[in-house]
Amino acid sequence: VIWHPSGNYLLAGTNANGAPQVYSYSFDTGTGTLSDGPTLQLTAGSMFVQRDALSFAPGGDRFAVGCNAQTGGVPELY
């Protein structure tokens, strides 16, 4: 889980049920509320999203997701 540099988005990765996903949620800094559902949902194919492997670029216009293949454990970056 990481925050966007602006504090307006939260990015979370999960491997629930063998389906690696990355979710983005909007956050209203004025009211302190998180969106009801994700504003973005990405699937990392047959990869496992690694703990502490999410990162935003300094300007917040891109993010990276570190993954390992389910077989062989070879790290990959998306």
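No experiment lies behind these values; they were computed from the predicted model shown.
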request  = Tell me, please, which residues at least two apart from Ser6 pass side chain to side chain donor-acceptor pair (under 3.5 Å).
outcome  = His4, Asn8
query = Quick one: side chain to side chain donor-acceptor pair (under 3.5 Å) partners of Thr29, sequence neighbours excluded?
reply = none
task = Grab the two heavy atoms, one from Pro5 and one from Pro58, that are nearest each other, plus how far apart they are.
result = CG-O, 3.7 Å
message = Are Phe27 and Trp3 an aromatic pair, judged by ring center distance below 6.0 Å?
response = yes
ask   = Between Leu54 and Leu11, which heavy-atom pair has the shortest distance, and what is it?
value = CD1-O, 4.0 Å
note = Taken to the nearest 0.5 Å, the spacing of Tyr9 OH from Ser35 OG works out to 9.5 Å
inquiry  = What I'd like to find out is whether the side chain of Tyr25 reaches to under 4.5 Å of the side chain of Asp36, using heavy atoms alone.
reply    = no
request  = Taking side-chain contact (heavy atoms from CB on, under 4.5 Å) as the test, write out the residues that go with Asp61, two or more places apart.
outcome  = Ala57
